[in-house]
Chemist: 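Sharing a structure here in C-alpha cells format.
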Amino acid sequence: MAERGLLKTDTEMERVPVEKAWKAFRVIAELPFVQEILDTLPHPALILNPSRQAVFVNRSLLDMVETDDPEVVIGKRPGEIFNCTFWEKGKDGCGTSEYCIVCGGLLAFADCQRLHRPARREMQIMTRKNGQIVPFDVEVSVSPLEIGVDCYYIVNMVDISHEKRRSVLERMFFHDILNTASNINSLSHMLTDEQSGSSEDWAGLIQLASGRLMEEIESQRVLLFAERDELYIALKEVDVNGEIRQVMEMLSEQAQHHKVRLVSEIAPGSCECVTDRSLLHRVLMNLIKNAIEASIAGEAVTIGCSQEERAISVWVKNPAVIPAEQQLQIFQRSFSTKGVGRGLGTYSIKLLTEKFLQGRVSFSSTSKGGTCFTVSLPLHPELKREELR
Amino acid sequence: MKILIAEDDYIGAKVISKILEPYGKCDVASNGEEAVALFESAIRENSGYALICLDIMMPGMDGQAALKKIREIEERNGIHGNDQARIIMTTALADKENILEAFRSQCEAYVTKPISREKLVDKLKKLELI
C-alpha cells in the first residue's frame, strides 16, 4: 500500500478546536454579502481553515447533507461532512487514511496551500448514504482567501458525475460496441469472399461476435438500471459451480487469444445458493475477463469456489500485482487500468454484488500471492418476496 | 514477409490474419506489451517484421504506446528508413486526436474498422509491401 506523508496538509496542520472554527464562522458571517453570494451558487461551496475544517458553508451544501443546521458541519473536514467511505479509516479522520493520498480534493487543497494560488482537480468520492455507497465525480476548485491576517480557502464542488458517466458510456458505445459491430461486418464480408475459405467457420464467428455484442449492450443496460436502483432481482437456486464452468467456457477463446490458461479449482458437482443468476453471470464475467486482461502470455487465471456455513465464496486469482496507487481506487466508478474513460468492471462487480446480491467483494494484491478477487454470496439472502421480479 | 498483428479482440485478429496470410507469416499479440516483446525478440534474431498492424485501443499497453516503444527500439538498434517496419494503426474510432498522435509517432497508415480485404490490401499496395 502507498505510504502516507506525501502531502504537507493534515500532517502539519493539526485540527483546531471546534470553538475556534465557530469563531471564524462568526467573523465570516459578519462580512457583507458573503453568505448571500455563496448561497446563489447551485453547487456545494465551503470555506476551510488551514487545517481543512469547514468554517463556513453555503445553502447547497446544507441541502446536500440534508440539514438546516450548520452545527452538523462546522469544524468538520469535507470527507466527514459528505460521509466519505474512507474518512473513518484514518487516525484523525478525513485526509489521514492511506486512501486519501489519491483524493483529488485533498490534492487540490495541498496545491493551493503550497502555491498560494487557485488549484483545481477532479475527485471521485464514494459516500455512504442509508447504508448504500453512492459515488460522485466532483470537480473541486480551491482558492486562497485572506480575511484580515487569517488565511482561509474557498472550495467549490461541482458535480461532474453525469459528464463522467457520459464519457465512459461514449467510450464503451463508440469503441467497444462499434468494435464488435465492425467485426460482424468484417466477418460478413469474409463469408462472401472466395479467398477466405470455408463460410462455415466465418458463420460460427458471426454467431460468437453477435452474442458478444448482445452481452456488451446487456452489461451496460444492467449497470444503468443498477445505478438508478431500478434493477429487480429474480432469486432462485443457482448452481454456482455450473455458472463458473459456463462463463469459463464462454471466455475460453478470449483466454486462448491472450495465451492465458483458465484453470478451474472448483470441486466436482454442484455448489448451490439462492441468488440472481443473470447478475451472478455478469459478476463472474467481469471478474474473469479482468483477470485475463491483466495477465501476460503464459500466465494462468485460477478460479475456485468454496461453500461455507452461510456463504459461498468465489475467487479469481492471477499472478499480476495491481500497483499500490491503483489498489486505492480499484472500486471507484471512473477508475480503469485501461486508460481514461474506460472500463467499469470492478465498480460494476462491487455494485452488483453488494447492493443487489447482498454479498461482499474483497481483493488482495501482493508480489508474493498475485491478485485475488473474492466474491462472497449468502446461501439464502434475506429478501422480501415483493422485492422479487 | 513477417507480419505482426496486435489486436486484443481475437475475432478481429482472426480477420486480419486471414486477409494477410497470403502475403506472409502472421504472428498475433493480444496487447501492446506482447507486441513489443515479439518485436524486440525478432530484432534480436535478426528477422524483423516488415509489417505491423497495431490496434489503438487495447488493455494494458495500448497501440499508441506500443508504436512509440517500437520506434524507440528501432532507433536504439540503428534501424532507419526503409529497414523500419511499416506500421498500420487499426481503430474502431477514427477520431482526429488518435490519428494525429499515431502519425506524430511515425505510423505509416491507419485503417478504420470494419476491416475488409479491399481496405487492407489497398494499404499494403500504397506502402509498396506488395
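Chain letters run A, B, ... following the sequence lines, proteins first, then strands; residues in each count from 1.
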Chemist: Could you tell me whether R117(B) atom CZ has more than 12 heavy atoms of other residues or ligands within 6.0 Å of it?
Modeler: yes

Chemist: Quick check: do E34(B) and I296(A) have side-chain heavy atoms less than 4.5 Å from each other?
Modeler: no

Chemist: Please classify the contact between K119(B) and chain A as side chain, backbone, both or neither, with a heavy-atom cut-off of under 4.5 Å.
Modeler: neither

Chemist: Counting only heavy atoms closer than 4.5 Å, note whether A297(A) contacts chain B via side chain, backbone, both or neither.
Modeler: side chain

Chemist: For K14(B), is there any backbone N or O sitting under 3.5 Å from a side-chain donor or acceptor partner on H257(A)?
Modeler: no

Chemist: So R212(A) and I11(B), do their side chains get closer than 4.5 Å, heavy atoms only?
Modeler: yes

Chemist: For Y110(B), is the OH atom crowded, meaning more than 12 foreign heavy atoms sit under 6.0 Å from it?
Modeler: no

Chemist: Checking the side chain of S186(A) only, and the main-chain atoms of P114(B) only, is there a donor and an acceptor separated by less than 3.5 Å?
Modeler: no

Chemist: Does some side-chain heavy atom of Q254(A) sit less than 4.5 Å from a side-chain heavy atom of D9(B)?
Modeler: no

Chemist: Is the number of heavy atoms from other residues, nucleotides or ligands within 6.0 Å of CD (Q207(A)) greater than 12?
Modeler: no

Chemist: Please check if the number of heavy atoms outside M214(A) that lie under 6.0 Å from its CE is greater than 12.
Modeler: no

Chemist: Could you please spell out the steps behind the side-chain contact (heavy atoms from CB on, under 4.5 Å) verdict for M190(A) and K18(B)?
Modeler: CA-CA 9 Å; M190(A) 303 302 271; K18(B) 192 73 192 172; 3.6 Å; yes

Chemist: Against chain B, work out which of D193(A), L187(A), L208(A) has the most heavy-atom pairs shorter than 4.5 Å and name it.
Modeler: D193(A)

Chemist: Compare every heavy atom of N179(A) with every heavy atom of K113(B), then report the nearest pair and how far apart it is.
Modeler: NZ-OD1, 2.8 Å

Chemist: Which answer fits A29(B), side chain, backbone, both or neither, if we ask what part of it has an atom under 4.5 Å from a heavy atom of chain A?
Modeler: backbone

